[in-house]
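Before we start, here is the structure in question, set down as structure tokens.
So you know, we letter chains A, B, ... as the sequences are listed, proteins then strands, and number each from 1.
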Amino acid sequence: DPHLNFLRETMGIMQHHDAVTGTEKQKVALDYAKRMSVALRACSTNIRSVLNQLSIASDRNSQEPSKFEFKTCTLLNISSCATSELNKRFALTLYNPLAHSVNEYVRVPVKDYNYVVIDPTGKVLPVQAVPVPKAVSNMKHRNSSAQYELVFLASSLPPVGYKTYYIEKSETIPAIGKPSPSPKKT
Amino acid sequence: SSYTVIGNNNIQLTFDTNGFLAEVTADGMTRMISQEFLYYEAATGNNAEFLNRSSGAYIFRPDNNQIRFATDEVTIEVYKGQLVQEVHQKFNDWISQVVRVYKQSNHAEFEWLVGPIPIKDNIGKEVISRFKSDIKSDGIFFTDSNGREMLKRKRNHRETWNVKIHESVAGNYYPVTTKIALEDTTARMAILTDRAQGGSSLEDGVLELMVHRRLLHDDAFGVGEALNETEYGEGLIARGKHHLFVGQSLQRPDVSLKAIERLVQLETLLPSWKFFSNVSYSSDQWL
């Protein structure tokens, strides 16, 4: 509760007309951003414990509780995420907040272009690696090693539910090889 | 053909030899639709009288409606694969965009990246993304009200009083929380935003949305500083998405474009939450 209350109080501050419209001073805007990031980070422990309980509950015959970290990457909007860039294998859990099942194309920042994605039923999904746009990868203060975004289709994410995907760097080079731009039109 | 085409069975986008979007084929029809980035030069009033205030945090006011093109030629790179086709566009040193169509989508995604906005010329700039079409919208367009009801807007007009428009651009700008649209008897064009933006339709068939601004003068409404956001001492860089829907405007019993827009709006504004976990197991053990 202390975490959730902190986020509730922070969201209370965000109802101020300056926070809603962006008419606050620069330093106040930075303070709002900092409060939000601290509050969301505090609540990631809540999410982690809930998802761990759910994953234990769903996997009845598991002896030891599977302690996944369920880390959030807040820089996905600039194609940056340490876990997916620095690890050869990782799990990605997608929680669908809507009341209906959705299909969503997911983009994961990765260092290379040959990865395998396995869905919860063990099916290997079609994937595609697309280079991170040059303007993004050239951004000075984006310290990320991701050169590609790994795209796959997460289908039928259950309403108010989640699915976990296993992503692993594969030793084999995909048949289509390294993603390259179509030939320039003259 | 020297044109570049990306898309799927639902929607195809054609880019001309200058790298600009030129045409969209969707819902059984092809319409001339172009997209470009421009920027208004910001007015710098002397803030003495009420009327000539500067463009600032509270005010949007272009200087004599001065608008500049970001470029007249776009360099593009095209990536096509089994799940998504993308056109990476570079408009200039501080404006670029990725236009993509996923394999099963019925709309196109425009992921723009704007900034740092240059101010060496001491002129504030307000950047817009403008979609031009041949749809005869007759001065009428629609903007949403907090993501729900669509409000009808008419250029240079107000529903409840005889308005005298002094600012022909700013006087026609409205708040867009999630969607702006226009249509005629045959076609409809709608753009979903991923955040609240100012938007308008200043010509028939044209929609524009303000994606980023950097101003150098306070507009004397109280904040006491110019809207000149910086990051590491440089102008802020903004990145976001617009989703473009094009289709027939007539209401059909089976599916309406508006219903599809509504569903995608929900799914793009409330996407899945992503959690990453290191894994030491092999895939079999993991399963």
Asn10(B) backbone acceptor or donor facing Asn106(B) side chain under 3.5 Å: no

Glu104(A) portion near chain B, given a 4.5 angstrom heavy-atom threshold: side chain

Ion pair Asp119(A)/Lys163(A), N-O distance below 4.0 Å: no

Smallest separation among heavy atoms of Ser129(B) and Val211(B), with atom names: CB-CG1, 4.4 Å

Leading residue by heavy atom contact count with chain A [cutoff under 4.5 Å; candidates Arg100(B), Glu77(B), Lys80(B)]: Arg100(B)

Which atoms of Arg107(A) approach chain B - backbone, side chain, both or neither, heavy atom under 4.5 Å: side chain

Structural part of Glu229(B) lying under 4.5 Å from a heavy atom of chain A: both

Residue selection (most heavy-atom pairs with chain A, distance under 4.5 Å) from Gln104(B), Lys90(B), Gln97(B): Gln104(B)

Partner chain B: residue of Pro120(A), Pro131(A), Ser180(A), Ser84(A) with the largest heavy-atom pair count (under 4.5 Å): Pro131(A)

Heavy-atom donor-acceptor pair, Asn8(B) side chain to Tyr102(B) backbone, under 3.5 Å: yes

Region of Val108(A) that comes under 4.5 Å of a non-hydrogen atom in chain B: side chain

Parallel, tilted or perpendicular: ring planes of Phe91(B) versus Phe20(B), cut at 30 and 60 degrees: perpendicular

Option that, when pairs with chain B are counted at under 4.5 Å, heavy atom only, ranks first among Cys81(A), Ala129(A), Pro183(A), Gly22(A): Cys81(A)

Non-hydrogen side-chain atoms of Leu209(B) and Thr193(B) separated by less than 4.5 Å: yes

Donor-acceptor pair, side chain of Asn228(B) and main chain of Leu216(B), under 3.5 angstrom: no

Pairs of heavy atoms under 4.5 Å with chain B: top-ranked of Pro97(A), Ala135(A), Ala29(A), Cys73(A): Pro97(A)

Per-residue contact mode, Leu270(B) against chain A (heavy atom under 4.5 angstrom): both

Chain A contact via Lys241(B) - side chain, backbone, both or neither, heavy atoms under 4.5 Å: neither

Residue Val116(A) versus chain B: region with a heavy atom under 4.5 Å: neither

Carboxylate-amine/guanidinium contact Arg35(A) Asp31(A), below 4.0 Å: yes

Glu234(B) and Lys140(A) ion-paired at < 4.0 Å: yes

Pairs of heavy atoms under 4.5 Å with chain B: top-ranked of Ile47(A), Thr21(A), Asp18(A): Ile47(A)

Largest heavy-atom contact set with chain A, pairs under 4.5 Å, which of Ser96(B), Pro116(B), Pro271(B), Pro175(B): Pro271(B)

Most contacts with chain B, counted as non-hydrogen pairs under 4.5 angstrom, among Asn87(A), Leu157(A), Thr121(A): Asn87(A)

Closest-packed option against chain A by number of heavy-atom pairs under 4.5 Å, given Leu287(B), Asn278(B), Val223(B), Leu113(B): Asn278(B)

Per-residue contact mode, Val151(A) against chain B (heavy atom under 4.5 angstrom): both

Part of Thr74(A) within contact of chain B (heavy atom distance under 4.5 Å): neither

Top contributor to chain A interface from Gly56(B), Ser280(B), Ser282(B) [non-hydrogen pairs under 4.5 Å]: Ser282(B)

Part of Leu51(A) within contact of chain B (heavy atom distance under 4.5 Å): side chain

Options Asn96(A), Leu98(A), Leu153(A), ranked by heavy-atom pairs under 4.5 Å with chain B, top entry: Leu98(A)

Structural part of Ile76(B) lying under 4.5 Å from a heavy atom of chain A: backbone

Salt-bridge criterion met for Glu111(B) and Arg239(B) (N-O under 4.0 Å): yes

Working for ring pair (Phe, Tyr, Trp, His ring centres under 6.0 Å), residues Tyr39(B) and Trp94(B): CA-CA 12 Å; Tyr39(B) 62 87; Trp94(B) 46 284; 5.7 Å; yes

Plane angle bin for Phe275(B) and Phe70(A) - parallel if under 30°, tilted between 30 and 60°, otherwise perpendicular: perpendicular

Salt-bridge contact Glu168(A)-Lys88(A) (side-chain N to carboxylate O under 4.0 Å): no

